[in-house]
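Quick note on labels: first sequence line is chain A, next is B, and so on, each numbered from 1. Heavy-atom basis, side chains included; hydrogens, waters and symmetry copies ignored. Since the model is a prediction, treat every value here as computed from it, not as a measurement.
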Amino acid sequence: MALRLYNTLSAKVEEFQPLDHGRVRMYACGPTVYDYGHIGNFRTFVAVDLLCRFLRQSGYDVRYVMNITDVDDKIIRNSARDGVTVQRYTAKYEKAFLEDSATLNIEPPTFVRATEHIPEMADFIARLQEKGIAYRTDDGSYYFRIAKFPAYGKLSKKDFAGMEDGARVDVDEYEKDSARDFALWKAPKPGEASWDTSIGPGRPGWHIECSVMSMEKLGPSFDLHAGGEDLIFPHHENEIAQSEALTGKQFARFWFHVRFLLVEGEKMSKSLGNFFTIRDLVLKGHKPSSIRWLLASVPYRNQLNFTFDGLKSAASSVEKLRNFRFRLTSAQFPAGANPAMTQLAGETIERMKGALDDDLNTAQAQAAIFDMVRSANAALDRGEVRKDDAQPLLAVLDKLDEIFGVLKDDDQPKMKAILDWARAEGREKDISPELLEIAGSSQLSDGDVNQKMSKMEAARKARDFKTSDALRAELVSAGIIVENTKEGVRWRRK
RNA sequence: GGCGCGGUAGCCAAGUGGUAAGGCCGAGGUCUGCAAAACCUCUAUCGUGAGUUCGAUUCUCACCCGCGCCUCCA
């Protein structure tokens with residue numbers, strides 16, 4: 001079965017086939033680096049990451065480009081407020097974005113920056129002007145003439161034919177021929193960042209960067225264009241207009257839009273006090289893997305209700321998977337193989353692939369893995385798992401994790417890094433005891449832990465439970481989880 | 001007002017014209033020196049009303065509620 005994806009352009013679920021056999025070219029609208037990214041931003045980026053990972057797992061060679069918008073109104077406003085250059089201002093938040101992406105195990109795409117493509121944008125606009133599609137106003141701004149692109153509205157399903165010009169002219173705008181015409185290039189204003197270019201001084205409009213950079217990296221027609229649902233209009237509609245008006249070719253073929261999330265059942269907003277960055281959540285003691293799992297647990301086209309109960313639940317779910325993996329890798333099994341386990345592994349792989357092929361139904365993929373884990377754990381309890389069964393079962397987990405990216409336990413160092421950042425930023429008051437507990441579990445080295453573990457085991461063998469319990473309590477208070485199982489003793493960090 | 005999405009167990013959340021995945025939490029039990037982990041059992045008739053149908057949670061209509069876009073917010 002092949003991947004079927006919802007395409008905003010056709011408003012249908014379609015079978016996905018790239019233009020070039022075996023090769024996918026995709027572009028995603030990335031962040032505007034004017035502040036720390038919030039969980040809403042990262043829902044989108046995680047969803048696109050899942051898509052990219054699944055395409056790769058499905059055998060495609062994926063070229064994935066993401067833009068970083070490092071010049072826009074908010075950036076100009078905020079950098080002026082802080083009295084720093086635009087460059088310096090955006091550098092801080094771009095770094096934060098890259099760190100947060102890494103925290104969430106988002107595989108880095110090829111990044112492109114708006115400010116590094118200013119001459120190309122000017123050239124693009126000049127060519128639009130040559131074709132009579134763009135026009136210059138007296139102040140030196142350039143606009144896109146929507147009347148020249150009859151297909152305008154095809155992505156957002158808006159009908160502009162009957163709209164009267166002038167009904168809603170924004171008085172702040174310059175002299176546009178039509179109210180719907182959008183800015184390609186903004187004339188310089190005093191105190192604002194400006195570039196001298198072939199079409200005159202100024203700065204790019206919002207949409208032009210994505211047309212220019214995506215086509216430069218991926219060609220005039222490419223397979224997938226992704227972003228948050230809010231970008232459908234006007235951003236992506238305008239990208240299509242600019243690009244297709246210039247090249248006469250179809251721009252992106254599939255449009256992938258990720259739905260907004262809610263927080264505790266309400267729209268996230270600063271005024272409601274339910275606005276969270278990744279760092280805010282980690283400071284509260286939540287693990288990056290919990291955040292990622294929760295964000296990935298609801299299919300991208302559904303509204304996701306992001307709650308703190310949900311985060312705790314996600315933490316337990318990830319824990320369950322990690323425990324299962326731990327159990328398979330740490331125990332000794334009798335030689336041989338159990339055909340039931342081989343079959344279970346095979347069926348689960350099929351179920352996961354089938355779920356993800358179905359417009360990235362991550363919820364069903366997760367259900368498939370949990371079904372397998374339960375069955376396999378039950379078989380383990382009954383002693384029905386043989387030596388040769390471990391590998392195929394672990395392979396299923398690996399396959400799952402190629403997409404979901406939560407099994408490797410590197411939460412602790414990531415949280416420690418954010419703890420250090422908070423201290424450097426003077427945010428001590430936001431550091432929770434939970435974070436300190438987890439980040440602090442590194443105080444005991446692996447060697448220390450192993451030493452105490454063997455002492456504890458010796459005491460247990462001698463049935464000196466008082467001593468062994470005391471050692472265990474000591475380890476537990478240091479953030480170590482100790483398990484004495486039939487298959488042997490083992491430990492891990494909280 | 002225009003266009004669109006959704007309302008499923010305490011919470012999160014899939015799904016289907018033939019009586020409902022998965023996760024978390026809770027209760028009871030098994031295992032265990034204890035703890036942890038794990039396993040087993042239990043917990044929903046799918047917003048409300050009407051219609052179509054042999055049969056609807058799944059289709060249609062109405063209503064109520066929530067959400068999104070229509071203003072450079074992912």
Side-chain angles (χ1 to χ4, degrees), chain A residues 8 11 28-32 34 37-48 69 72-75 153 156-159 162 168 170 172 182-183 205-207 226-235 237-238 257-262 265-270 275 293-294 297-299 301-324 326-327 351 355 358 361-371 373-382 460 463-466 468-469 472-473 476 481-487 489-492:
Chain A
T8 308
C29 288
T32 300
Y34 69 99
H38 54 71
I39 52 178
N41 296 319
F42 280 100
R43 181 198 191 182
T44 297
F45 301 137
V46 166
V48 181
T69 300
D72 89 321
D73 291 348
K74 283 191 291 290
I75 289 170
S156 53
K157 315 286 180 270
K158 293 181 190 300
D159 182 9
R168 295 183 55 201
D170 183 341
D172 272 350
F182 59 89
W206 175 32
H207 319 293
E229 64 170 337
D230 59 316
L231 299 180
I232 295 171
F233 188 88
H235 186 52
E237 194 71 68
N238 290 352
H257 290 106
V258 182
R259 189 132 192 231
F260 271 19
L261 53 67
L262 297 181
E266 293 185 290
K267 181 175 175 160
M268 181 169 66
S269 74
K270 287 183 176 167
F275 185 96
W293 185 260
L294 178 56
S297 66
V298 178
R301 283 205 292 141
N302 294 354
Q303 201 166 48
L304 180 163
N305 187 9
F306 192 97
T307 65
F308 286 96
D309 275 354
L311 267 179
K312 285 187 209 140
S313 164
S316 301
S317 298
V318 170
E319 197 60 27
K320 184 177 193 143
L321 297 175
R322 287 179 180 172
N323 283 340
F324 175 66
F326 190 49
R327 196 174 179 188
R351 276 183 68 192
D358 182 15
N361 193 329
T362 48
Q364 291 204 329
Q366 292 184 345
I369 200 74
F370 282 117
D371 281 340
V373 169
R374 188 174 3 86
S375 299
N377 265 326
L380 281 161
D381 281 356
R382 293 192 302 263
R460 286 186 72 233
R463 301 196 69 79
D464 177 4
F465 296 124
K466 202 169 176 183
S468 70
D469 286 354
R472 184 163 62 199
V476 167
I481 295 168
V482 179
E483 296 180 8
N484 307 91
T485 73
K486 277 183 289 193
E487 291 134 12
V489 293
R490 60 197 180 197
W491 65 272
R492 59 205 154 85

When rounded to whole Å, the CG to P distance for the pair Leu311(A) and rC25(B) reads 14 Å

To the nearest angstrom, the CZ-C1' distance between Phe275(A) and rA74(B) comes to 11 Å

Stems in RNA chain B, runs of 3 or more consecutive Watson-Crick or G-U wobble pairs with both distances under 3.5 Å, sorted by first number, are B:1-7 with B:64-70, B:10-12 with B:22-24, B:26-30 with B:38-42, B:47-51 with B:59-63

**Asked** Looking across every strand, which nucleic acid part, if any, lies under 4.0 Å from His207(A) by heavy atom: base, sugar-phosphate, or nothing?
**Response** nothing

Rounded to whole Å, NE2 of His257(A) lies from P of rC73(B) at a distance of 16 Å

Determine the interatomic distance between C1' on rA38(B) and the same-named atom on rA44(B); round to the nearest Å. 27 Å

message: Measuring only the P atom in each nucleotide, how far is rG47(B) from rA9(B)? A whole number of Å is fine.
response: 8 Å

- Item | Spacing of the C1' atoms in rC46(B) and rG7(B) (rounded, Å) | 10 Å

Closest to the side chain of Asn41(A), out of rA74(B), rC73(B), rA35(B), is rA74(B)

Original post:
Considering only the C1' atoms, how many Å lie between rC67(B) and rC25(B), rounded to the nearest integer?
Top reply: 27 Å

Notebook entry, point to check: Is there aromatic stacking of Phe260(A) against rA74(B), centre distance under 5.5 Å, plane angle under 30°?
Noted result: yes

Exercise. If we take the C1' atom in both rC54(B) and rU48(B), what is their distance in whole Å?
Worked result: 26 Å

The answer to which of Glu266(A) and Lys157(A) contacts RNA chain B further toward the 5' end, by nearest nucleotide, is Lys157(A)

Taken to the nearest whole Å, CZ/Phe465(A) to P/rC34(B) is 9 Å

query = Taking the P atom of each, how far is rU8(B) from rU57(B), in whole Å?
reply = 15 Å

Separation of rC3(B) atom P from Phe233(A) atom CZ, nearest Å, is 16 Å

Ion pair present between Arg492(A) and Glu483(A), side-chain N to carboxylate O less than 4.0 angstrom? yes

Pairwise side-chain contact, Phe260(A) with Met268(A), heavy-atom cut-off 4.5 Å (strictly under)
no

Given protein heavy atoms under 4.0 Å, the one-letter contact record of nucleotides 37-44 of chain B, with B base, S sugar-phosphate only and - none, is simply SBSS----

Subject >> Separation of the P atoms in rG23(B) and rA37(B), to the nearest angstrom >> reply: 16 Å

Rounded to whole Å, CG of Asp73(A) lies from P of rU71(B) at a distance of 16 Å

Students often mix this up, so state it plainly: with edges at 30° and 60°, are the rings of His235(A) and Trp206(A) parallel, tilted or perpendicular? parallel

With the side chain defined as heavy atoms from C-beta on, Ser316(A) is closest, among rA74(B), rA35(B), rC24(B), to rC24(B)

Whether each nucleotide of nucleotides 4-15 of chain B has a protein heavy atom under 4.0 Å at its base (B), only at its sugar-phosphate (S) or at neither (-) is summarised, 5' to 3', as BB------SSSS

Review point. What interatomic distance, in whole Å, is found between C1' of rG1(B) and the corresponding atom of rU53(B)?
Key: 37 Å

